Amino acid sequence: MKKIAIIPAYNEKDSIVKTVNDIIENAPDFDYVIINDCSKDDTLDICQYNGFHVLNLPINLGIGGAVQTGYLYAYRNGYDIAVQFDGDGQHDAKYLDQMAEVLVKEQADMVIGSRFIEKEGFQSSKLRRAGITYFTWLIKLLTGVVITDPTSGMRMCNRKTIEMFANEYPRDYPEPESTARLIRHKRKVIEVPVKMKAREEGISSISSFKNTIYYMIKVTLAILIERIR
């Protein structure tokens, strides 16, 4: 089976080399593609200098647009499995083979790496955990399915889901909304425990209280609209 890691990158000059090397060393069965989302720092130069596989977006599309570009690349190039693997150093490639095994064995449409099943590793900030708990509750309320880590960016998809996301994918804060969409379409979504690390450099786009409230309202409306479509 052809497998690929999609690495969305925006201003990840300090962590992108370590991220790619982690995949090469610990998940050698996976190809990878970096989606450089019009970074303002030296991310693209570093990728080109190291000979990394990189697609350079001419304008900034945000996390949703960058990840969708990766899914489109995976679909057009015949990949059977694609995993989102963030470029900020939080994810660990040693889990990728295990996630792929679960995806195939359980005939799942998406496998989410959850940091909250065994509650080990970096558990995110207190503010962000409050938002995660809220979206877990909201998705359960609307679908009956418990997703412990609905904002996790470590998500692996089969070919059918790759095609779905290549055609349509939320632009802003896409993880909870796209997870709810899959469940609404009767797709099988399961979680496996993983350990995550604190991001090595940079600041999350929802690190402030104001941005967290905006994030929760915006994604709630998107999930509710998705629910009645």
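Only a predicted model underlies this, so the values are computations on that prediction, with no experimental measurement involved.
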- Message: To check you understand the geometry: which heavy-atom pair defines the closest contact between Cys38 and Tyr10, and what is its length?
- Response: O-CE1, 3.7 Å
- Task: Output all residues satisfying salt bridge (Lys or Arg N to Asp or Glu O under 4.0 Å) with Lys140, sequence neighbours left out; order by chain, then residue number.
- Result: none
- Message: Using only atom types and a distance under 3.5 Å, with no angle test, would you say the side chain of Ser114 pairs donor to acceptor with the backbone of Pro193?
- Response: no
- Message: Show the nearest heavy-atom pair for residues Ala180 and Ile223, with the distance to one decimal.
- Response: CB-CG2, 4.1 Å
- Would you name the heavy atoms of Ser15 and Gly87 that are closest together and state the gap between them? OG-O, 2.7 Å
- Set of residues satisfying side chain to side chain contact (heavy atoms under 4.5 Å, CB included) with respect to Ile59, sequence neighbours excluded: Leu61
- Message: Strictly below 4.0 Å, N to O, side chains only: are Glu177 and Arg181 in salt-bridge contact?
- Response: yes
- Message: List the residues meeting side chain to side chain contact (heavy atoms under 4.5 Å, CB included) with Asp45, not counting sequence neighbours, and say none if there are none.
- Response: Asp42, Gln48
- Message: For the backbone of Lys195 and the side chain of Tyr95, can you confirm whether one donor and one acceptor N or O come within less than 3.5 Å of each other?
- Response: yes
- Shortest non-hydrogen contact from Pro150 toward Ile139: CB-CD1, 3.8 Å
- Message: Using only atom types and a distance under 3.5 Å, with no angle test, would you say the side chain of Asp88 pairs donor to acceptor with the backbone of Gln90?
- Response: yes
- Message: My understanding is that only one of Asn56, Asn11, Thr69 makes a side chain to side chain donor-acceptor pair (under 3.5 Å) with Asn36; could you say which?
- Response: Asn56
- For Leu72, check side chain to side chain contact (heavy atoms under 4.5 Å, CB included) against everything at least two apart and list the hits. Arg76, Ala166
- Sub-3.5 Å donor-acceptor pair from the side chain of Lys2 to the main-chain atoms of Asn77, do we have one? yes
- Donor-acceptor contact present, side-chain Arg159 to main-chain Tyr79, <3.5 Å: yes
- Message: Check whether Asp92 reaches the backbone of Lys94 with its side chain - one donor and one acceptor, N or O, closer than 3.5 Å.
- Response: yes
- Ignoring hydrogens and angles, tell me if any N or O in the side chain of Ser152 forms a donor-acceptor pair with the backbone of Gly113 under 3.5 Å. yes
- Residues in salt bridge (Lys or Arg N to Asp or Glu O under 4.0 Å) with Asp37, at least two apart? none
- Query: In terms of hydrophobic clustering (I, L, V, M, F, W, Y; side-chain heavy atoms under 4.5 Å; direct or indirect links), are Val146 and Val192 co-clustered?
  - Reply: no
Contacts table for residues 99-111: side-chain donor-acceptor under 3.5 angstrom, sequence neighbours left out:
| unit_1 | atom_1 | unit_2 | atom_2 | d |
| --- | --- | --- | --- | --- |
| Asp109 | OD1 | Asn158 | ND2 | 3.0 |
| Asp109 | OD2 | Lys188 | N | 2.7 |

- Task: Enter the distance from Met154:CE to Met156:CE here, rounded to the nearest 0.5 Å.
- Result: 7.0 Å
- Taking the side chain as every heavy atom from C-beta outward, state whether Phe116 and Thr133 have any pair of such atoms under 4.5 Å apart. no
- Query: Has the side chain of Thr136 got a donor or acceptor atom that lies under 3.5 Å from a matching backbone atom of Ile147?
  - Reply: yes
- Message: Would the distance check show the side chain of Tyr32 and the main-chain N or O of His53 forming a donor-acceptor pair, the cut-off being under 3.5 Å?
- Response: yes
